Amino acid sequence: MRSEPLTSRTLLRSTLAFRAAFATLILTIALSGIAFGSDDVNGIEPQDTKKLLKQAKKLARKGDVGEAEKILKRIIATDPQHDEARLDLAYLLLKNRKLVEAADYAFEVARKDEKNSFAFAILGAAYLGAGNFVDAKTLLNNSLALDDDEALAWAGLGMLAFYENRLNDSIYALEQAVYEDRNEADFAFALAQVSARAERYKQAADAYQKYLRIAPDNDRERTERIKGLIRFLKYLGRRPSLYDLAGEKQTTVPVRLVNNRPVIQIKLKDDGEPLDFVLDTGSGISVISEETSRRLRIKPITKGGVARALGGDGRFDIVYGFLRKVSIGDVAIRNVPVYIRRFYNASEKVDGYIGLSLISKYITTIDYGKQTFSLARKDDYSEPVADENTMTVPLRLTSSGFLSGQVKLHGIEIPLNFIVDTGASVSVISEDLASTKEISGFIQDERLRVIGAAGITEDVPSFLLPSITFGSYSRNDLKAIALDLDLINETSGFEQAGILGGNFLRNYKLTFDFRQSMVTFSPSEQD
């Protein structure tokens, strides 16, 4: 049951109060440029305005966003009170992740017209993109209370549910969004993503195919990636099931810490050789190296396009594989999809990475102090006795399959979203965050060489952060490197300001409940 619309000034007053903090957060980490000017501010005859609006909408549908923006800004320069042009422009800016501009344009319309559902939907989607889930939910619900057919509000609530790991709610809302606006490619794409995460592979393939039919044909790289993904999803859809649990209901195995990363031995055959895999909560899907796949004769299922990742030129070729069985200690998981890719770190020989999908049906514990890794089915897991040293923190799932939590940095009042990544040896801050006055003074003379999924990046600046806090636990004088996180933020769904890596996490015992999107942690104890 949906609440009545907040048509009094209460919601707008609270929105205005948050708007200042919102703008400060976004501007602090430089997520978008502010450019309210117009290339052409000559007057427009009233009879031409409708024609120009129609032209802008047509250009936007074709993917020519730059020209559409110019036309809309020209209309607004002539008539600053033209609400339709302001909202059309706000929507384009939102789609391009220019969150501050989008929120500003939409807010002015909402302040004048408290019953404008589309304005509230844009505001809600902008706040959601910034990671402010509470205010986003209020604004999106208000939009639907004003107009139950507002597709963008349905889509926003669908993505919010996705980030909170409520997959059935997410699919329902995104199906509503697609129904209300059958020509919006982004809604079909979002439905495909969530359907794949929910292991509804045929539905996901159908939604991706719909996306390709209606999306502007101006991003060949993305098109090829989706075509390859559709082929893989169709292959998965023909399997009776995936990630089937077998073997014992729980197990504990030893861990080796290599450069702050937990390395665990697995087997792909009962009598096969033990393989070294890194536990990687920064990856949604598991990965196996090209070298290991050739040695074990694991053939690619299909290929298609490139993926975005840190390091090198930021891209690596997508090659999909399939493992019949993965054994970790006494447990086993059957029918496991994987990426096959090149590994660039010759000095640290590992065979692969354990992604979230492989272990998400278990309660997963990594104890850095005792150097153990445990898996337990939910029904066989005994909750530890809570004490003053135990803390539970909510996590969110990004669109690209990362776990994200809220982190506080010294000198910055607003919590920032950081990926919680056991596969990263050192913590990371975005280059934009590193350039702010609150952080830039902590730069160090040391420059580092960073090896990522897409290659090697040289001469990376390092910082010594006075303190970093996750939940109620803090570490002082923590090293972090600054990297361009735009590639991550293009696909994460809501903005990530950094990565919480092994040099922070290694001080704790962490228990992940992926279905509840929670992590419980306490200081680790050495044996």
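Note that the structure is predicted; figures quoted are calculated from it, not measured.
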Novice: Under the 3.5 angstrom rule, does the side chain of Asn165 hit a backbone N or O of Phe514 as a donor-acceptor pair?
Specialist: yes

Novice: Got a salt bridge between Glu199 and Arg239, using NZ or NE/NH1/NH2 to carboxylate O under 4.0 Å?
Specialist: no

Novice: Is the closest side-chain heavy-atom distance between Tyr91 and Leu152 below 4.5 Å?
Specialist: yes

Novice: Hey, what do you get for CD (Gln203) to CD1 (Ile171), rounding to the nearest 0.5 Å?
Specialist: 5.5 Å

Novice: Are the side chains of Tyr127 and Leu140 in contact, using a 4.5 Å heavy-atom criterion?
Specialist: no

Novice: Nearest 0.5 Å, please: how far is CG in Asn141 from CG in Leu146?
Specialist: 11.0 Å

Novice: Heavy atoms only: give me the nearest Ser430-Leu433 pair and the separation to one decimal.
Specialist: OG-N, 3.0 Å

Novice: Taking Lys361 for the side chain and Leu245 for the main chain, is one N or O donor matched with an acceptor at less than 3.5 Å?
Specialist: no

Novice: Do the side chains of Ser289 and Val350 get nearer than 4.5 Å, heavy atoms only?
Specialist: no

Novice: State the CG-CG distance between Leu123 and Asn142, to the nearest 0.5 angstrom.
Specialist: 10.0 Å

Novice: Between Glu248 (side chain) and Gln250 (backbone), is there a donor-acceptor pair under 3.5 Å?
Specialist: no

Novice: Walk me through it: do Asn503 and Ser427 pass the test side-chain hydrogen bond (donor to acceptor under 3.5 Å, both in side chains)?
Specialist: CA-CA 7 Å; Asn503 63 331; Ser427 297; 2.9 Å; yes

Novice: Evaluate the criterion side chain to side chain contact (heavy atoms under 4.5 Å, CB included) for residue pair Ile318 and Tyr339; output intermediate values, then yes/no.
Specialist: CA-CA 7 Å; Ile318 296 175; Tyr339 278 148; 3.7 Å; yes

Novice: Considering residues at least two apart in sequence or located in another chain, which fulfil the salt bridge (charged side-chain N to carboxylate O under 4.0 Å, His left out) criterion with Glu175?
Specialist: none

Novice: State whether the side chain of Asp484 and the backbone N or O of Asp486 hold a donor-acceptor pair below 3.5 Å, judged by distance alone.
Specialist: yes

Novice: Flag the pair Thr491 / Ser399 as yes when at least one side-chain heavy-atom distance between them is below 4.5 Å, and no otherwise.
Specialist: no

Novice: Please give me the minimum heavy-atom distance between Ala136 and Gly124, naming the atom from each residue.
Specialist: CB-O, 3.4 Å

Novice: Report the distance from atom CG of Leu191 to atom OH of Tyr208, rounding to the nearest 0.5 Å.
Specialist: 9.5 Å

Novice: State whether the side chain of Thr436 and the backbone N or O of Asp432 hold a donor-acceptor pair below 3.5 Å, judged by distance alone.
Specialist: no

Novice: Who passes ring pair (Phe, Tyr, Trp, His ring centres under 6.0 Å) against Phe402, sequence neighbours left out?
Specialist: none

Novice: Would you say that more than 12 heavy atoms from the other residues, nucleotides or ligands in this model lie under 6.0 Å from the NZ of Lys267, or not?
Specialist: yes

Novice: Validate the cation-pi geometry between Arg197 and Phe162: distance from NZ or CZ to the six-membered ring centre under 6.0 Å, angle to the ring axis within 45°.
Specialist: no

Novice: Quick one: do Phe470 and Tyr508 satisfy ring pair (Phe, Tyr, Trp, His ring centres under 6.0 Å)? Show the steps, please.
Specialist: CA-CA 11 Å; Phe470 184 45; Tyr508 302 98; 8.6 Å; no

Novice: For the pair Leu500 and Ile468, evaluate side chain to side chain contact (heavy atoms under 4.5 Å, CB included) and give the outcome as yes or no after the intermediate values.
Specialist: CA-CA 9 Å; Leu500 201 61; Ile468 183 167; 3.7 Å; yes

Novice: Any idea which heavy atoms bring Val393 and Gly471 closest together, and the distance?
Specialist: CG2-CA, 4.0 Å

Novice: Any salt bridge between Asp513 and Lys378, counting N to O under 4.0 Å?
Specialist: yes

Novice: Check the pair Thr372, Val255 against side chain to side chain contact (heavy atoms under 4.5 Å, CB included), reporting the backbone distance first and the verdict last.
Specialist: CA-CA 5 Å; Thr372 59; Val255 166; 5.5 Å; no

Novice: Got Asn507 and Tyr368 here, is their nearest side-chain heavy-atom distance under 4.5 Å?
Specialist: no

Novice: Decide whether Thr520 and Thr392 meet the rule of one side-chain donor and one side-chain acceptor closer than 3.5 Å.
Specialist: yes

Novice: Would you check if the side chain of Ser170 reaches a backbone N or O of Ala161 as a donor-acceptor pair within less than 3.5 Å?
Specialist: no

Novice: Can you find a pair of side-chain heavy atoms, one from Arg341 and one from Val287, that are under 4.5 Å apart?
Specialist: yes

Novice: Would you say the side-chain atoms of Thr422 pair up with the backbone N or O of Leu279, donor to acceptor, closer than 3.5 Å?
Specialist: yes

Novice: Looking at Thr390 and Ser522, would you say the former's side chain and the latter's main chain have a donor-acceptor pair under 3.5 Å?
Specialist: no

Novice: Could you tell me whether the side chain of Ile439 reaches within less than 4.5 Å of the side chain of Ile412, counting heavy atoms only?
Specialist: yes

Novice: Only one of Leu257, Asp351, Asp276 clears side-chain contact (heavy atoms from CB on, under 4.5 Å) with Val263; which?
Specialist: Asp276

Novice: Check this for me: Tyr344, atom OH, are more than 12 non-hydrogen atoms of other residues, nucleotides or ligands nearer than 6.0 Å?
Specialist: yes

Novice: Quick one: closest heavy-atom pair of Ser143 and Ala121, and the distance?
Specialist: OG-CB, 3.5 Å

Novice: Taking the six-membered ring for Trp and the single ring otherwise, decide whether the centroids of Phe277 and Tyr353 are under 6.0 Å apart.
Specialist: no

Novice: CD1 of Ile414 to CG of Leu409: how many Å apart, nearest 0.5 Å?
Specialist: 12.0 Å

Novice: The test is side chain to side chain contact (heavy atoms under 4.5 Å, CB included); show your working for Phe133 and Leu160 and say whether it passes.
Specialist: CA-CA 7 Å; Phe133 288 14; Leu160 174 58; 3.4 Å; yes

Novice: Quick check: are there more than 12 heavy atoms from other residues, nucleotides or ligands sitting under 6.0 Å from NZ of Lys349?
Specialist: no

Novice: Ignoring hydrogens, what is the shortest heavy-atom contact between Tyr473 and Pro523? Give both atom names and the distance.
Specialist: OH-CD, 3.1 Å

Novice: Any donor-acceptor pair under 3.5 Å linking the side chain of Ser462 with the backbone of Glu446?
Specialist: yes

Novice: Is there a side-chain contact between Arg447 and Pro461 (heavy atoms, below 4.5 Å)?
Specialist: yes

Novice: Tell me whether the count of non-hydrogen atoms from other residues, nucleotides or ligands lying under 6.0 Å of CD in Glu413 goes above 12.
Specialist: no

Novice: Can any side-chain N or O of Asp330 pair as donor or acceptor with the backbone N or O of Thr251 at less than 3.5 Å?
Specialist: no

Novice: Can you tell me how far the CD atom of Gln516 sits from the CD1 atom of Ile363, to the nearest 0.5 Å?
Specialist: 8.0 Å

Novice: Should the pair His410 and Phe442 be assigned to parallel (<30°), tilted (30 to 60°) or perpendicular (>60°) ring geometry?
Specialist: perpendicular

Novice: Where is the tightest heavy-atom contact between Arg515 and Ser360, given as atom of each residue plus distance?
Specialist: CG-O, 4.1 Å

